[in-house]
Amino acid sequence: MIKADVLVIGSGISGLSYAIKISEKMPEAKIIIVTKADEDESNTKYAQGGLAVVTDFDNDTFQKHIDDTMRAGDGENDLSVVKMVVEEGPKRFKELVDWGTNFDKKDGELMLGREGGHTENRIVHHKDITGAEIERALLETATNSKNIEILPYHYVIDLITQHHVPGKELDEGNINCYGAYILDEKSNKIKKITAKITLVATGGAGHVYKNTTNPIIATGDGIAFVARAKGKVSNMQYYQFHPTALYSKIDGMLFLISEAVRGDGAKLRLKNGEPFMKKYDEREELASRDIVARAIDNEMKITGDEFVGLDCRKMNKEKFLEHFPNIYQKCLDEGIDPFKDLIPVVPACHYLCGGIETDKDGQSSIKNLFAVGECTNSGLHGANRLASNSLLEGLVFGHNAAMKTIELLDKNDFNFEDLKAIPEWNEEGMKMMDEMVLVSYLRKQLQEMMSDLVSIVRSNERLEMALNKQKEISEAVKQLYKYSILSPKLSELRNLVNIAELIIVQSIAMKENKGAFFNKDLV
Ligand SMILES: Cc1cc2nc3c(=O)[nH]c(=O)nc-3n(C[C@H](O)[C@H](O)[C@H](O)COP(=O)(O)OP(=O)(O)OC[C@H]3O[C@@H](n4cnc5c(N)ncnc54)[C@H](O)[C@@H]3O)c2cc1C
């Protein structure tokens with residue numbers, strides 16, 4: 001057993017900024033960050049467009065950013081949370097710069113981009129690789145902090161709470177988190193890391209669908225293990241589909257064509273060159289993501305085409321190359337010249353607006369368990385996230401959660417009594433799975449089902465059918481889980497099955513279409 005003051009699960013913007021903050025203020029605290037792949041592998045690393053923050057006070061105001069966020073969220077956001085995040089934004093952004101992150105400037109002034117749903121230019125960015133630059137700077141700062149230890153390839157299987165005590169009835173108002181069971185993938189041993197405070201910062205769950213812009217780590221693990229420990233999870237019906245991922249014949253992670261490209265003037269066209277966005281929204285290409293994604297989905301259904309085109313041919317080439325070098329290169333690698341050809345794009349699962357319920361300090365419904373970032377329902381996004389608000393959310397909530405954690409560590413009023421009754425991880429009687437083919441078969445079935453039945457446009461019949469299929473897959477996974485020695489792939493499958501159930505059940509409970517959620521029977 002390893003003991004820490006603070007256990008952080010995840011090394012994206014949320015986990016790293018939280019850990020750095022505590023480390024700066026409490027150099028004596030022992031902080032362990034576990035992460036299931038390379039340190040930098042995260043949704044954060046792939047963020048392109050940038051971070052939404054009010055910096056140009058001559059043209060922009062907090063109120064405009066608040067209004068844009070509320071409009072995108074279809075009014076389902078918590079206004080007091082939106083206000084807090086927007087108003088804290090500039091301070092947290094300054095800290096990010098102080099930690100060594102570089103943002104694009106011209107003549108000493110920040111260059112500000114515009115994305116769908118924003119009424120002003122307010123996106124600070126580093127070319128089209130903003131996330132990679134943020135991840136680099138944060139990892140460097142964390143690695144240089146004496147009291148932060150980062151453990152890559154440490155896969156968290158489950159939280160340690162009273163739900164592991166055999167025969168214990170759970171009093172949902174009184175569950176305590178004591179750390180986590182973690183599989184060290186190098187030694188293949190399960191470690192128990194106990195901590196006074198645990199932070200879940202495990203990001204999204206894009207791989208519950210067939211096509212997603214998310215990297216392979218995004219399997220909703222944190223949300224699933226919090227739900228299993230009876231923590232509150234909500235708003236899972238609001239999964240945002242990004243309108244413009246680069247079309248590919250191969251399923252899996254799709255390359256994103258940032259919204260900022262449309263912000264700079266790219267137009268959507270059918271394969272035959274006909275524009276169509278005017279039919280759907282007066283803001284056309286700059287309408288919010290749910291509207292643009294549904295419009296593309298609808299046009300693809302009408303025409304039977306596998307993609308629509310993004311037309312950059314009239315854009316300023318020099319400016320494009322300066323702002324989007326990575327996107328330009330990726331297109332060339334795929335044999336597409338954005339200045340001669342339409343870029344083939346499709347909507348893909350992108351951002352989970354719901355998740356683990358937290359308060360303004362990132363506290364979950366489980367004692368001593370915090371959650372920050374894409375794995376949460378913090379109240380910021382409501383029914384749909386405004387573009388580039390998520391990196392900001394990670395920073396603001398990372399800060400608040402760190403401040404509350406420090407307060408709790410100072411008080412030092414922790415009770416580890418129940419921990420004694422929690423058993424060690426037991427693999428007795430279990431066997432290695434002979435074939436991983438069963439895991440990949442069930443994962444594919446789940447992704448197919450979610451993509452066909454619980455996608456951009458849902459219906460009552462499709463959701464009922466999805467729930468039946470989910471139950472069938474869930475039963476098969478339970479059997480595998482009972483008798484097999486644990487592997488990350490099997491555990492991820494169990495988590496994805498949990499995530500699918502949360503999305504379907506919370507979709508069925510909806511009586512009205514809101515933001516990213518659309519059921520054609522509710523029109
Ligand atoms: C292609 C793309 C472009 C985007 N562009 C933007 C943008 O321009 N602006 C913006 O604001 N947002 C953007 N987003 C969204 C944004 O990147 C994410 O919402 C944000 O980075 C999430 O940060 P996070 O720290 O919460 O999670 P992540 O950055 O996803 O980090 C999650 C961490 O948890 C770890 N983890 C997960 N499960 C386990 C487990 N079981 N055990 C141990 N570790 C685990 C992962 O390995 C990873 O380190 C984009 C997302 C994508 C995919």
Side-chain angles (χ1 to χ4, degrees), residues 7-18 33-53 113 115 123-126 128-132 134-135 138-139 150-159 180-185 193 199-207 212-225 240 242 244-246 253-260 263 326-327 348-353 355-356 362 371-376 378 380-381 385-395 397-398 488 491-492 494-495:
L7 171 65
V8 178
I9 309 171
S11 55
I13 191 169
S14 310
L16 289 174
S17 61
Y18 166 87
I33 302 178
V34 288
T35 190
K36 71 176 175 181
D38 286 330
E39 285 103 325
D40 67 343
E41 192 57 6
S42 57
N43 272 0
T44 300
K45 181 174 144 184
Y46 296 89
Q48 295 181 346
L51 185 145
V53 61
E115 294 187 353
I123 317 293
V124 292
H125 51 82
H126 179 93
D128 54 356
I129 48 166
T130 309
I134 293 175
E135 188 68 27
L138 291 181
L139 266 176
I150 305 181
L151 302 175
Y153 292 94
H154 276 61
Y155 177 90
V156 173
I157 304 159
D158 246 330
L159 296 173
Y181 292 111
I182 297 158
L183 177 68
D184 174 348
E185 290 191 57
I193 301 189
L199 173 82
V200 181
T202 48
H207 287 270
T212 175
T213 60
N214 295 183
I216 46 161
I217 53 96
T219 50
D221 301 347
I223 300 168
F225 52 63
Q240 181 181 90
H242 197 289
T244 54
L246 185 62
M253 185 183 175
L254 299 187
F255 183 81
L256 184 74
I257 306 289
S258 166
E259 189 141 304
N326 193 36
I327 293 175
C349 169
H350 183 59
Y351 185 84
L352 180 56
C353 305
I356 303 158
V372 171
E374 188 168 343
C375 63
T376 66
S378 68
L380 173 65
H381 307 302
R385 175 191 66 136
L386 180 67
S388 287
N389 264 356
S390 39
L391 293 170
L392 182 68
E393 178 186 41
L395 283 181
F397 278 89
S491 171
E492 280 182 355
R494 177 170 77 143
N495 293 334

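When a ligand or atom number is given, it counts from 1 through the structure's own listing order.
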Please name all residues satisfying side-chain contact (heavy atoms from CB on, under 4.5 Å) with Tyr46, sequence neighbours left out, ordered by chain then number. Glu41, Pro215, Met253
How far is atom 12 (N) of ligand 1 from the closest protein heavy atom, and which atom is that? Ser390 OG, 2.8 Å
Tell me the contacting part of Lys45 for ligand 1: side chain, backbone, both, or neither, using a 4.0 Å heavy-atom threshold, strictly below. neither
Can you find a non-hydrogen atom of Glu492 under 4.0 Å from ligand 1? no
Looking only at distances, please establish whether an N/O atom of ligand 1 is found under 3.5 Å from an N/O atom of Gly50. yes
Lys36 and Thr219 side chains, donor-acceptor separation under 3.5 Å: yes
Gly49 heavy atoms within 4.0 Å reach ligand 1 at atoms 8 (O)
Just let me know how Leu256 lines up against ligand 1, side chain, backbone, both or neither, with a heavy-atom cut-off below 4.0 Å. side chain
Checking Asp128 side chain against Gly49 main chain: does a donor-acceptor pair fall under 3.5 Å? no
Is it true that a side-chain atom of Thr376 and a backbone atom of Glu374 form a donor plus acceptor pair closer than 3.5 Å? no
Go through ligand 1 atom by atom and flag the ones less than 4.0 Å from a non-hydrogen atom of Tyr351. 19 (O)
Would you check the N or O atoms of Val156, main chain and side chain alike, for any that come under 3.5 Å of an N or O of ligand 1? yes
Output yes when a side-chain donor or acceptor of Gln240 lies under 3.5 Å from a complementary backbone atom of Arg385, and no otherwise. yes
Quick note on ligand 1: atoms under 4.0 Å from a heavy atom of Gly12 include exactly 25 (O), 29 (O), 31 (O), 49 (O)
Heavy atom of the protein closest to atom 51 (C) of ligand 1 (residue, atom name, distance): His350 CE1, 3.6 Å
So Leu254 and Leu246, do their side chains get closer than 4.5 Å, heavy atoms only? no
For atom 37 (C) of ligand 1, grab the closest protein heavy atom and report residue, atom and distance to one decimal in Å. Thr202 O, 3.5 Å
Main chain of Ile257, side chain of Thr244: is a donor-acceptor contact present, judged purely on distance under 3.5 Å? yes
Test your reading of the model: is there a side-chain donor-acceptor pair from Thr44 to the backbone of Glu135, 3.5 Å cut-off? no
Under the criterion side chain to side chain donor-acceptor pair (under 3.5 Å), I'd like the reasoning laid out for His350 against Thr213: C-alpha separation, chi angles, the key distance, then a yes or no. CA-CA 5 Å; His350 183 59; Thr213 60; 2.6 Å; yes
Can a non-hydrogen atom of His154 be found less than 4.0 Å from any atom of ligand 1? yes
Does the residue Thr213 have a heavy-atom contact with ligand 1, meaning some pair of atoms that are separated by less than 4.0 Å? yes
Classify the contact between Ser11 and ligand 1 as side chain, backbone, both or neither, using a heavy-atom distance cut-off of under 4.0 Å. both
Under 4.0 Å, heavy-atom basis, I'd like to know which part of Gln48 is in contact with ligand 1: side chain, backbone, both or neither. backbone
What are the atoms of ligand 1, with element, lying closer than 4.0 Å to any heavy atom of Gly203? 27 (O), 30 (O), 32 (C)
Does an N or O from Tyr46, backbone or side chain, lie closer than 3.5 Å to an N or O of ligand 1? no
I want to know if ligand 1 touches Asp221 in the polar sense, i.e. an N/O pair below 3.5 angstrom. yes
For ligand 1, indicate whether the residue Ile13 contacts it via side chain, backbone, both or neither (heavy-atom separation under 4.0 Å). both
Which bit of Arg385 gets closer than 4.0 Å to ligand 1, counting heavy atoms only: side chain, backbone, both or neither? side chain
Does the residue Ala201 have a heavy-atom contact with ligand 1, meaning some pair of atoms that are separated by less than 4.0 Å? yes
Can a donor-acceptor pair be found, under 3.5 Å and without considering hydrogens, that links the side chain of Thr212 to the backbone of Cys349? yes
Tell me: protein heavy atom nearest atom 21 (O) of ligand 1, and distance? Thr44 OG1, 2.8 Å
Which atoms of ligand 1 sit under 4.0 Å from any heavy atom of Gly373? 26 (O)
So does Asp221 get a backbone contact from the side chain of Thr202, meaning a donor-acceptor N/O pair under 3.5 Å? no
Is there side-chain contact between Asp38 and Pro152, with heavy atoms separated by less than 4.5 Å? no
Ala52: which residues meet the side-chain contact (heavy atoms from CB on, under 4.5 Å) condition with it, sequence neighbours left out? His65, His118, Ile123, Ser388, Asn389
Do any nitrogen or oxygen atoms of Glu374 come within less than 3.5 Å of a nitrogen or oxygen of ligand 1? yes
